[in-house]
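In what follows, every chain begins at residue 1, and chains take the letters A, B, ... in the order their sequences are listed.
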Protein chains: 4
Amino acid sequence: MISIIAIDLRNPKPIYEQIKDNIKQLIITGALKPDEKLPSVRELAQTTSINPNTIQKAYRDLESDGFIYTVSGRGNFVAPSPKNVDSKRLEELYDILRAAVGELSYLGAAQSNIIEIVQNTISRSRPQGGNKT
Amino acid sequence: MISIIAIDLRNPKPIYEQIKDNIKQLIITGALKPDEKLPSVRELAQTTSINPNTIQKAYRDLESDGFIYTVSGRGNFVAPSPKNVDSKRLEELYDILRAAVGELSYLGAAQSNIIEIVQNTISRSRPQGGNKT
Amino acid sequence: MISIIAIDLRNPKPIYEQIKDNIKQLIITGALKPDEKLPSVRELAQTTSINPNTIQKAYRDLESDGFIYTVSGRGNFVAPSPKNVDSKRLEELYDILRAAVGELSYLGAAQSNIIEIVQNTISRSRPQGGNKT
Amino acid sequence: MISIIAIDLRNPKPIYEQIKDNIKQLIITGALKPDEKLPSVRELAQTTSINPNTIQKAYRDLESDGFIYTVSGRGNFVAPSPKNVDSKRLEELYDILRAAVGELSYLGAAQSNIIEIVQNTISRSRPQGGNKT
DNA sequence: GTGGTCTAGACCACG
DNA sequence: GTGGTCTAGACCACA
């Protein structure tokens, strides 16, 4: 059961993106275990006061990105550890990483600080094991 | 003089954002030095075949973000090292950083790989000195 | 006796369609001979952990398509070679064929490869003889 | 400009799928050339009397499948010949091919007939050249 | 009860 | 003018 889905309507980021980010986070940190059931579209729509169509869009995106899978008539479930990762997505993430680190550094953030956050984030994620380049 | 402004029209990211990212990158890596003159709106519009309004919006944003400053009638120039950094922007960047690292790690990227990229990016940026947390 | 009924719950295709496809395949390839008895609805439901209603719907469809026949109180049996074929179904199949071959070709599949698969499939099917256009 | 988009509301296949199939067909056969502009969402919605949201869904699917690309604020355009083809999609198509050919053969379609249709379809598609397995 | 499809209609960002 | 997002509300297929 998910408890923390925080939506900020004033945030310019689309609602369905915020939902995606939230759920991704829960999956990455292991708060949601593989094959665990996600709240149904309707249920989440009710608890968040977001339109079901918007929730559904977030779920469909998450499915096509391999984070969850859908069983017709049953619901949505957390996908097991990803296998065939889209190399484009990896490059995209590395680009985002470089841009963020570059700007942080330029704005005066201490190197030690950045590295520490990166390491903490890594150690908190990937509770399922499995390595790849 | 700027030579590499790469715009991808197919990219869903707005063009003015792509321009901002490009110029930020040039400033962060020191390819553009403090107080160096940027190409005029008109000039950049011509060389890139982008609508001048779009260029202008990018410049306006960069100015309000403290990356460049405008001298009316003269043109736009690279700002010196930033002083009063918006703490909200820093938090935003840290969030982006955490999300990207988390997802990379989850998708199987090696920790060594991530750390290496972070360190390389840091060492390549901030040629102006000055540290802050 | 049927041994291989592979159901993938994650597949968006309805379960009863998957069952139909499976059984059709077994009939077409001759793994199930004419007048051979199919497992009962109850039995198949048990071995596959699928709702009996779902199995029944698949059987009903297969009967109306002429692949099996039902003897009330006895069970379901493989129909002998089809005689009066629904011409609409044939047109439908030709359309599917054209669409699949067209897309394969467009996506770069070698002509030789496609033809080979088609010929292999033909030679492996229709063990009962009987030709029609 | 597209003229022939035939939608059959009685067809159980979802409308957006019919639209996708139609446009795919036009692209595969070369009726729509690479980089040619597709009708806008609104325009196609009007000429077909289909809701714009439904058209948009079809377009988004086509984009994620690599058949078209979207330029924000400009419209949708036919993608050039596909490069990195999803191997899962190829397998899916081969499966569809096998199933259709198998059933056709079983229903009595002449082998010569099937092969002829396959060859005609291949020769009519892929006007851009380029081979792959 | 679950997700999937579709419509009508609105507002916004972009260029 | 273009696509993108969001809502409200409806109906259907599936299990």
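- Summarising the geometry, the separation between CG on C:Asn51 and C1' on F:dC14 is reported as 10 Å, rounded to the nearest angstrom.
- Counting heavy atoms from C-beta on, the side chains of C:Val78 and C:Phe67 never come closer than 4.5 Å.
- In terms of heavy atoms, A:Ile19 sits closest to A:Ala58 at CG2-CB, 3.7 Å.
- Nearest-nucleotide mapping onto DNA chain F: of A:Ser49 and C:Lys13, the residue sitting toward the 5' end is A:Ser49.
- For the pair B:Asp86 (side chain) and B:Lys88 (backbone), a donor-acceptor distance under 3.5 Å is present.
- Checked by atom type and distance alone, the side chain of D:Asn22 pairs as donor or acceptor with a backbone atom of D:Ala6 at under 3.5 Å.
- With DNA chain E read from its 5' end, the first of the two nearest nucleotides for D:Gly73 and A:Ser72 is the one closest to A:Ser72.
- Helical stems of DNA chain F (runs of at least 3 Watson-Crick or G-U pairs, donor-acceptor distances under 3.5 Å) are listed by first residue: E:1-14 with F:1-14.
- In this structure, the CD atom of C:Glu17 is 7 Å from the P atom of F:dC14, given to the nearest Å.
- Residues C:Asp21 and C:Lys13 are paired through a salt bridge, judged by an N-O separation under 4.0 Å between the basic side chain and the carboxylate.
- The main-chain N or O of B:Leu44 is found under 3.5 Å from a side-chain atom of B:Thr48 such that the two form a donor-acceptor pair.
- The side-chain heavy atoms of C:Val41 and C:Tyr59, taken from C-beta on, include a pair separated by under 4.5 Å.
- When each of C:Thr54 and D:Asn76 is assigned the nucleotide of DNA chain F with its nearest heavy atom, D:Asn76 is the one assigned upstream, toward the 5' end.
- The only option from A:Glu92, A:Lys24, A:Gln25 that meets the side chain to side chain contact (heavy atoms under 4.5 Å, CB included) definition with B:Glu103 turns out to be A:Lys24.
- Note: CD1 (C:Ile7) to C1' (F:dC14) measures 14 Å, nearest angstrom.
- In this structure, a donor-acceptor pair under 3.5 Å is present between the side chains of A:Asp35 and A:Tyr69.
- Toward the 5' end of DNA chain E, the nearer of the two residues D:Arg74 and D:Ile50, judged by each one's closest nucleotide, is D:Ile50.
- Dashed line: the shortest gap from a side-chain N or O of C:Tyr16 to OP1 or OP2 of F:dA15 is not under 4.0 Å.
- Boundaries of the chain B contact region on DNA chain E are E:dC14 to E:dG15, first to last in 5' to 3' order (nucleotide atom under 4.0 Å from a heavy atom).
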